[in-house]
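Within every chain, numbering begins at 1; the chains are lettered A, B, ... in the order of the sequence lines, protein sequences first and strands thereafter.
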Amino acid sequence: EEEVPEKDEL
Amino acid sequence: MNIFRLTGDLSHLAAIIILLLKIWKTRSCAGISGKSQILFALVFTTRYLDLLTSFISLYNTTMKVIYIGCAYATVYLIYMKFKATYDGNHDSFRMEFLVVPVGGLACLVNHDFSFLEILWTFSIYLESVAILPQLFMISKTGEAETITTHYLFFLGLYRALYLFNWIWRFYFEGFFDMIAIVAGMVQTILYCDFFYLYVTKGQGISL
């Protein structure tokens with residue numbers, strides 16, 4: 001299961 | 001947060017404000033592609049739905065609200081308030097030629113097949129090509145107002161700075177998002193031609 005990069009950017 | 005990302009966000013904010021003020025002050029959207037602005041509003045809408053589901057920081061939330069607000073205000077000014085000055089004949093790029101392939105690609109190539117993740121991926125891919133109607137319009141009219149070239153400069157610069165931000169984050173944080181990086185490269189490459197003209201000409205530009 002691929003780890004989803006965090007979405008902390010605009 | 002790092003200097004590249006902060007200056008990138010400020011450059012993006014500057015571009016959005018420059019455009020909004022230009023249209024508001026001159027009471028005209030001549031030379032501006034309404035289609036690109038619709039696509040940007042769509043990019044922000046599909047990317048910032050997480051405003052409703054998660055809180056990252058005051059900065060993050062504030063900027064997202066400003067971006068969405070300005071994007072819709074710009075579309076409103078172009079298609080409603082100053083509709084008479086909208087140059088529809090030259091703004092003829094077919095948006096569906098961008099939205100449909102990007103939508104399909106977002107369903108095929110993504111990090112996770114979930115609703116919010118597909119929309120986020122769609123917004124990343126769409127943002128990389130959303131400026132095409134504007135660049136196409138300038139190539140058709142053969143010139144652009146100086147203020148419009150400043151808008152495009154800061155808009156192109158923002159994602160170029162984000163590329164450095166991703167290098168920084170990979171090196172210092174091990175953060176890596178292939179989808180954002182590849183789309184960011186495509187987005188920045190689309191501005192290269194314009195950057196060259198902007199730097200060499202400095203004045204009004206003819207693509």
Answer yes or no: does atom [atom1] of [X] have more than 12 heavy-atom neighbours from other residues, nucleotides or ligands under 6.0 Å?
X	atom1	answer
B/F172	CZ	yes
B/F115	CZ	no
B/Y79	OH	yes
B/M178	CE	no

To check you understand the geometry: which heavy-atom pair defines the closest contact between A/E9 and B/F175, and what is its length?
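For A/E9 and B/F175, the tightest heavy-atom pair comes out as OE2-CE2, 4.1 Å.
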
Any idea which heavy atoms bring B/I56 and A/D8 closest together, and the distance?
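What the structure gives for the nearest pair is CD1-CA, 3.9 Å.
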
If I measure from the heavy atoms of chain A, does B/F176 come under 4.5 Å with its side chain, its backbone, both, or neither?
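Just its backbone gets close to chain A.
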
Could you look at B/N165 and say if it's the side chain, the backbone, both or neither that has a heavy atom under 4.5 Å from chain A?
side chain

Report yes if some heavy atom in the side chain of B/H12 is under 4.5 Å from a heavy atom in the side chain of A/L10; otherwise report no.
no

B/N60 side, atom CG; A/K7 side, atom NZ - distance, nearest 0.5 Å
12.5 Å

